[in-house]
There are 2 protein chains.
Amino acid sequence: MIKITFPDKNTKEFNQGITGYEIAKSISPRLAKEVLSITVNGNLWDISRPIKEDAEIVLHKWEDEEGKHAFWHSSAHLMAEALESLYPGIKFGIGPAIENGFYYDVDLGNEKILTDADLPKIEQRMRELVAQKNTYNRKNISKKEALNYFDGKGDEYKLELINDLTDGEITFYSQGNFTDLCRGPHLPDTSPIKAIKLLSIAGAYWRGDEQRKQLTRIYGITFPKKKMLDEYLEMLEEAKKRDHRKIGKELQLFTFSQKVGSGLPLWLPKGAMLRDRLIDFLKKVQVRYGYLPVSTPHIGHKDLYVTSGHYEKYGKDSFQPIKTPNEGEEFLLKPMNCPHHCEIYNSQQHSYKDLPIRYAEFGTVYRYEQSGELHGLTRVRGFTQDDAHIFCRPDQLKEEFIKVIDIILYIFKALDFDNFVTQISLRDKNDKEKYIGSDENWEKAESAIIEATNEKGLETIIEYGEAAFYGPKLDFMVRDAIGRKWQLGTIQVDYNLPERFELTYTGSDNQKHRPVMIHRAPFGSMERFIAVLIEHTAGKFPLWLAPDQVVILPISEKHNEYAKKVSKILNNSDIRTLIDERNEKIGKKIRDNELKRIPYLLIVGDNEIQNEEVSVRKQGDGDKGKMSIEKFKNYFNEKVENLLKSIDTK
Amino acid sequence: MIKITFPDKNTKEFNQGITGYEIAKSISPRLAKEVLSITVNGNLWDISRPIKEDAEIVLHKWEDEEGKHAFWHSSAHLMAEALESLYPGIKFGIGPAIENGFYYDVDLGNEKILTDADLPKIEQRMRELVAQKNTYNRKNISKKEALNYFDGKGDEYKLELINDLTDGEITFYSQGNFTDLCRGPHLPDTSPIKAIKLLSIAGAYWRGDEQRKQLTRIYGITFPKKKMLDEYLEMLEEAKKRDHRKIGKELQLFTFSQKVGSGLPLWLPKGAMLRDRLIDFLKKVQVRYGYLPVSTPHIGHKDLYVTSGHYEKYGKDSFQPIKTPNEGEEFLLKPMNCPHHCEIYNSQQHSYKDLPIRYAEFGTVYRYEQSGELHGLTRVRGFTQDDAHIFCRPDQLKEEFIKVIDIILYIFKALDFDNFVTQISLRDKNDKEKYIGSDENWEKAESAIIEATNEKGLETIIEYGEAAFYGPKLDFMVRDAIGRKWQLGTIQVDYNLPERFELTYTGSDNQKHRPVMIHRAPFGSMERFIAVLIEHTAGKFPLWLAPDQVVILPISEKHNEYAKKVSKILNNSDIRTLIDERNEKIGKKIRDNELKRIPYLLIVGDNEIQNEEVSVRKQGDGDKGKMSIEKFKNYFNEKVENLLKSIDTK
């Protein structure tokens with residue numbers, strides 16, 4: 001008998017060799033149907049693999065990342081089998097599960113070029129193979145045998161992968177007629193894969209190296225139920241409509257230029273104003289919380305990054321140093337603001353009474369990304385962080401965390417992100433050596449974060465081993481209106497930079513002490529945040545933030561004069577107002593402007609002029625009746641103020 | 001007889017060979033005493049040089065740059081003579097007149113090191129030489145003879161200079177025992193040099209090349225009257241007190257860090273807030289004038305600068321290109337914002353009805369300067385321009401100029417710069433080929449600028465030949481409180497970038513037309529402007545701008561609580577308020593805080609607490625009596641509002 005310990009610390013005895021599936025079945029037949037993978041003593045396993053000794057286990061269903069992972073990884077193997085049966089001689093690179101689905105990189109030789117038209121045929125073959133209910137079989141194999149097998153197939157990619165592995169740690173998985181080099185885990189058999197959709201084809205360099213061969217990457221997704229696939233495809237359709245690149249163009253928020261360079265957004269006036277409004281909004285909140293603005297250059301001498309350690313760690317993969325004509329100096333584009341802020345901290349003496357000091361900067365930083373990785377505003381080469389660094393005493397950590405959490409919650413409320421979770425990333429308990437900073441400080445910081453999130457009543461996930469080497473952190477993950485997850489705000493403790501920059505404060509004991517540093521960015525970056533905001537709201541920004549708040553639609557040309565008068569009154573009251581003076585029918589004007597997502601449409605014609613009124617329409621919500629100009633102004637301003645008041649409840 | 005034409009176009013006949021001095025004497029003996037140099041047919045001459053043919057002349061006195069130039073250049077030769085008599089074997093580099101005085105670069109050999117202690121002795125020798133009333137004698141000399149002369153002296157510097165000259169165009173000037181290679185002009189003799197002060201000693205590379213020998217540069221200044229020297233030295237003393245680097249440190253506005261790099265200012269909280277206030281102030285003005293904010297990255301692909309022409313023109317002397325790890329792309333730190341703004345203009349189609357379009361950005365740019373050239377905030381390697389680019393039709397130029405002038409005048413008024421002149425830089429009429437853009441457009445633009453300045457009643461100087469090759473411009477030069485000149489705002493017409501970026505708009509004729517571009521920056525740069533503002537106000541900023549507006553001084557510790565209450569009330573009304581809680585006598589608190597240039601000091605003690613009052617002191621202006629907190633709030637806000645209202649009269 002072996003002892004199995006469940007996540008709730010309950011234990012139960014089972015026969016040696018029991019499998020995860022059987023354990024699940026012993027609990028309930030329903031669970032047995034749902035379980036997809038199992039964690040055994042910290043390692044992910046197949047649920048069909050016999051457990052031979054005492055173990056702590058966690059069973060994973062579809063709802064868990066680990067469950068989906070096994071499902072989609074098995075689907076990748078299934079697709080590979082289908083491909084091999086359709087295209088004999090095909091060679092395989094890697095085929096992992098990803099956040100949504102899976103892919104496989106394949107080499108079809110020089111003749112065959114796969115197109116979207118081929119995908120239904122491959123899907124069909126996959127369905128046929130599912131019907132065979134083939135089991136996924138795990139097998140330990142020696143390095144020599146493994147090499148022999150793929151040598152026989154002539155698959156140089158797998159040979160290269162195997163050559164990097166240690167003999168004795170290699171496993172194969174087979175199902176049906178297909179065998180793959182794989183660590184697993186997989187489903188017991190193919191039967192749960194009820195719905196299959198291959199999504200797209202892309203090019204991908206072997207091992208991400210542009211010098212090597214470009215393989216064909218096939219993306220797909222599978223589900224245990226047809227309905228889930230339908231919903232997913234519907235979400236994809238909706239996501240396409242909400243694509244911030246599309247809406248950003250329609251609303252003239254930003255653009256890119258080949259001459260300026262990929263991944264370097266140019267903010268057009270409406271976008272720049274939106275960005276400024278968000279910045280002003282956060283600046284105001286930050287003043288209230290005692291932040292001090294600073295402003296630093298976008299480059300720093302190489303020495304700065306040698307001191308910070310960034311040069312050694314990231315130098316090779318970053319924008320390269322900027323040389324000067326004469327003096328052999330070298331500068332780097334700043335990839336983060338913290339080293340500059342440490343130098344500002346060091347420009348003056350500090351006493352324990354001065355702390356915490358909170359330096360805030362909307363600092364634009366530059367990080368090199370391969371051009372293939374760039375994506376709209378979410379993956380760029382230059383972005384503006386809503387950055388701040390808090391220098392505090394260790395005993396102030398919890399209070400500072402609470403204050404930063406307050407700011408983030410305030411922002412989420414102001415911008416309609418009501419669905420979010422937080423993740424606390426702590427040390428790996430079994431490998432404390434790899435972290436910098438004393439045990440005592442780590443414990444203090446970790447419990448400060450946990451207590452702070454508890455006090456604020458946050459829904460948290462704790463991840464051990466996910467902390468950076470220099471400190472624990474708290475991340476905020478929001479779900480947008482169509483259910484996608486985005487990582488936004490981060491609060492990160494740092495024991496490393498205070499050491500490297502030799503930051504000190506004089507304590508009440510008159511001795512020098514090391515402050516703790518907190519990095520925090522509620523938006524993350526202006527670029528990414530605005531992208532998420534666009535996709536979350538489908539471009540229908542909260543009223544206070546909307547680039548254009550009101551559009552006036554004169555019924556015919558003779559009403560333009562009155563429209564101008566109304567527009568002037570509203571603009572003078574800081575209501576951002578446009579006029580649609582085009583010589584078009586009022587019906588078309590309404591339709592066109594509804595599409596532009598301007599919150600209020602004011603129709604003006606003879607009647608309105610006579611009574612000094614406007615006919616009010618709310619975007620997507622129809623007629624609101626006639627109002628005097630003054631009344632509309634008050635009505636509008638009340639809406640904005642109520643919105644801001646409702647969040648401004650500190 | 002020859003015909004001499006005066007600047008007022010009057011003419012007079014003189015004997016051939018008449019000199020400038022004699023012409024002056026023929027007008028008045030007083031003028032003869034004052035004249036220092038003469039422009040003859042566009043060339044600067046000695047007033048002792050015979051005029052042999054008809055000529056247009058301008059006589060220059062001390063008040064004219066050209067007069068001072070001859071005076072100081074003669075003084076440089078005088079100093080050289082003194083040096084040679086004191087240090088035989090000394091070799092000479094160059095010795096020009098500069099904006100304030102003159103210098104000479106000398107090589108004293110490897111043994112002698114000149115220090116400040118040597119300067120009085122040199123001054124004394126100069127005075128002795130002045131007493132000799134030696135004449136400055138001009139002599140044409142062949143290249144061969146010139147080389148022979150300095151070969152004999154063993155002066156390799158002069159030999160190198162002569163080698164670069166064209167035979168037939170070489171002149172020597174001698175006075176007393178000293179002979180120099182020189183183009184002139186000089187005074188007739190040394191006697192007008194009545195007051196002499198050698199100011200400082202510095203190192204200077206021969207020909208500015210760090211690879212070559214470092215010479216000793218001796219700075220001096222001379223005047224025709226002792227009183228003028230005294231006033232100048234007093235001004236220097238005052239300038240030292242107002243040095244923005246000193247005040248910037250005292251007021252904790254900015255700092256520099258060796259690790260971040262020279263010439264890269266770090267704005268401390270008080271400075272960053274001051275900067276933000278100035279930016280917000282200008283943003284508000286710009287919105288009123290129809291500017292649209294944009295935001296662009298701090299780097300651009302090399303292609304952008306190849307297109308703009310900057311790469312070819314400045315590439316070698318600038319920060320060098322930023323390479324990327326993989327793709328062989330090259331980026332440059334942006335030295336100006338205009339190419340980015342051109343790309344934004346080009347991202348959309350424009351009709352003649354849309355123009356003018358005014359893109360504004362507080363854009364931080366980076367320009368390489370040798371480290372020896374850097375100086376506080378006035379000469380830096382990174383600075384934020386209050387930049388805007390106006391794209392307009394040629395017929396809109398004048399109106400746009402007037403509007404930009406309005407903005408600049410508004411800013412000068414708001415910031416107490418009431419002493420300024422403008423300079424209009426036009427084409428060289430005799431060499432129109434070197435300018436880009438049609439004759440018609442140039443004429444339109446030049447007369448637009450002249451008319452605009454006339455209509456605004458500006459005091460202007462017109463300089464022909466000072467225009468950039470791509471367009472005429474208007475510069476604003478302010479005089480600060482101690483009489484120094486600073487170049488601030490610039491308005492520059494540009495025909496070049498619209499060509500290079502192929503900018504177009506559709507005219508009313510439905511054809512494509514080229515817009516004109518105006519670059520303009522009222523502050524110039526935030527860094528330089530704040531430096532000038534500090535030196536102009538000696539750190540006593542206008543009330544609305546002051547980093548700290550009020551400091552509360554509790555008479556003893558028991559009054560701290562009340563001080564906090566008052567501070568909270570004032571801060572909540574956006575009055576920037578501090579408390580001096582130090583355990584010091586009130587007299588010392590008052591003295592210390594007066595030095596900090598905080599506009600209002602509020603003293604609070606038992607009496608004030610009892611009556612809910614504060615005792616108000618105005619910095620530098622003494623007691624203003626007791627007021628209730630509410631009354632002080634109103635009194636203060638009125639001061640700020642009146643100040644802003646008085647300028648806000650559009």
Side-chain angles (χ1 to χ4, degrees), chain A residues 210 252 255-262 264-273 275-276 283 292-301 303-304 307 316-327 329 331-333 339-340 343-344 346-348 359 361 364 366 368 370-371 381-382 384 501, chain B residues 210 252 255-262 264-273 275-276 283 292-301 303-304 307 316-327 329 331-333 339-340 343-344 346-348 359 361 364 366 368 370-371 381-382 384 501:
Chain A
E210 293 174 42
Q252 302 184 345
T255 188
F256 289 91
S257 136
Q258 250 348 91
K259 273 189 188 150
V260 169
S262 324
L264 296 169
L266 300 169
W267 288 93
L268 300 174
K270 282 182 200 294
M273 286 188 260
R275 204 166 170 266
D276 274 357
K283 270 188 183 171
L292 300 170
V294 295
S295 178
T296 66
H298 303 92
I299 57 175
H301 197 282
D303 288 353
L304 186 70
T307 300
K316 264 202 323 203
D317 304 321
S318 304
F319 283 113
Q320 292 302 291
I322 302 160
K323 296 202 159 72
T324 61
N326 275 331
E327 300 166 55
E329 292 177 277
F331 292 87
L332 289 164
L333 275 173
H340 286 82
E343 283 295 285
I344 288 186
N346 264 345
S347 74
Q348 281 160 310
Y359 292 139
E361 177 170 23
T364 307
Y366 294 88
Y368 179 73
Q370 301 216 353
S371 58
R381 285 173 171 176
T384 301
F501 280 91
Chain B
E210 293 174 43
Q252 301 185 345
T255 189
F256 289 91
S257 134
Q258 252 344 93
K259 272 187 189 152
V260 168
S262 324
L264 296 170
L266 300 169
W267 288 94
L268 301 174
K270 283 182 200 294
M273 285 188 258
R275 204 166 170 264
D276 273 358
K283 270 189 184 171
L292 300 170
V294 295
S295 178
T296 66
H298 304 91
I299 58 175
H301 197 282
D303 287 353
L304 186 71
T307 301
K316 262 201 326 201
D317 304 320
S318 304
F319 283 112
Q320 293 302 293
I322 302 159
K323 298 201 158 73
T324 60
N326 275 331
E327 301 166 55
E329 291 177 279
F331 293 88
L332 288 164
L333 274 174
H340 286 82
E343 283 295 286
I344 288 185
N346 264 345
S347 74
Q348 281 160 309
Y359 291 140
E361 177 171 22
T364 307
Y366 294 87
Y368 179 72
Q370 301 216 353
S371 58
R381 286 174 169 175
T384 301
F501 280 91

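Keep in mind that the numbers below use all heavy atoms, side chains included, and drop hydrogens, waters and symmetry copies. Naming convention: chains lettered A, B, ... in sequence-line order (proteins, then strands); numbering from 1 in each chain.
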Next item on the list: Give, as side chain, backbone, both or neither, the part of A:Lys323 having an atom under 4.5 angstrom from any heavy atom of chain B.
Entry: both
Item checked: Heavy-atom contact with chain A under 4.5 Å, split by part of B:Pro339 -> neither
Notebook entry, point to check: Hey, does A:Leu268 have a side-chain heavy atom less than 4.5 Å from the side chain of B:Ile344?
Noted result: yes
Next item on the list: Using non-hydrogen atoms and a 4.5 Å limit, figure out which bit of A:Pro321 sits close to chain B: side chain, backbone, both or neither.
Entry: backbone
Note to self: Would the distance check show the side chain of A:Tyr366 and the main-chain N or O of B:His298 forming a donor-acceptor pair, the cut-off being under 3.5 Å?
What the structure shows: yes
Note to self: Under a 4.5 Å cutoff for heavy-atom pairs, which residue among B:Glu361, B:Lys270, B:Gln348 has the most contacts with chain A?
What the structure shows: B:Gln348
Notebook entry, point to check: If you count heavy-atom pairs under 4.5 Å with chain A, which of B:Gly261, B:Pro297, B:Gly300, B:Pro325 comes out on top?
Noted result: B:Pro325
Checklist line | Toward chain B, the part of A:Asp276 with a non-hydrogen atom under 4.5 Å | finding: side chain
Next item on the list: Using non-hydrogen atoms and a 4.5 Å limit, figure out which bit of A:Ser318 sits close to chain B: side chain, backbone, both or neither.
Entry: backbone
Checklist line | Test item: A:Ile299 and B:Phe319 side chains (from C-beta on) under 4.5 Å apart, heavy atoms | finding: yes
Check: Measuring heavy-atom distances to chain B, does A:Phe331 have an atom under 4.5 Å in its side chain, in its backbone, in both, or in neither?
Finding: side chain
Next item on the list: Against chain A, work out which of B:Ser262, B:Pro265, B:Gly382, B:Gly271 has the most heavy-atom pairs shorter than 4.5 Å and name it.
Entry: B:Pro265
Item checked: Selection from A:Thr324, A:Thr364, A:Thr255 maximising heavy-atom pairs under 4.5 Å formed with chain B -> A:Thr324
Item checked: Shortest non-hydrogen separation from B:Ala272 to A:Val294 and the atoms involved -> CB-CA, 3.8 Å
Notebook entry, point to check: Looking at A:Thr307 and B:Lys259, what are the two nearest heavy atoms and their distance?
Noted result: OG1-CE, 3.3 Å
Check: Heavy atoms, side chains only, cut-off 4.5 Å: are B:Ile322 and A:Leu333 in contact?
Finding: yes
Margin query: So which residue, A:Asn346, A:Asp317, A:Leu266, ends up with the most heavy-atom pairs under 4.5 Å with chain B?
Written below: A:Leu266
Note to self: Need one label for B:Phe256: side chain, backbone, both or neither, based on atoms under 4.5 Å from any heavy atom in chain A.
What the structure shows: neither
Margin query: Under 4.5 Å from any heavy atom of chain B, what part of A:Tyr368 do you find: side chain, backbone, both or neither?
Written below: side chain
Notebook entry, point to check: Can you tell me how far CG of B:Leu304 sits from OG of A:Ser257, rounded to the nearest 0.5 angstrom?
Noted result: 6.5 Å
Next item on the list: Pick one of side chain, backbone, both or neither for B:Lys283, based on which atoms fall under 4.5 Å of a heavy atom in chain A.
Entry: side chain
Item checked: Atom pair CG/NE2 of B:Leu264 and A:His340 - distance to nearest 0.5 Å -> 7.0 Å
Check: Looking at CD of A:Glu343 and CD of B:Gln258, how far apart are the two atoms once the value is rounded to the nearest 0.5 Å?
Finding: 9.5 Å
Next item on the list: Can you tell which part of A:Glu329 gets under 4.5 Å to a heavy atom of chain B, answering side chain, backbone, both or neither?
Entry: side chain
Notebook entry, point to check: With only heavy atoms counted, which part of A:Gln370 is less than 4.5 Å from chain B, the side chain, the backbone, both or neither?
Noted result: both
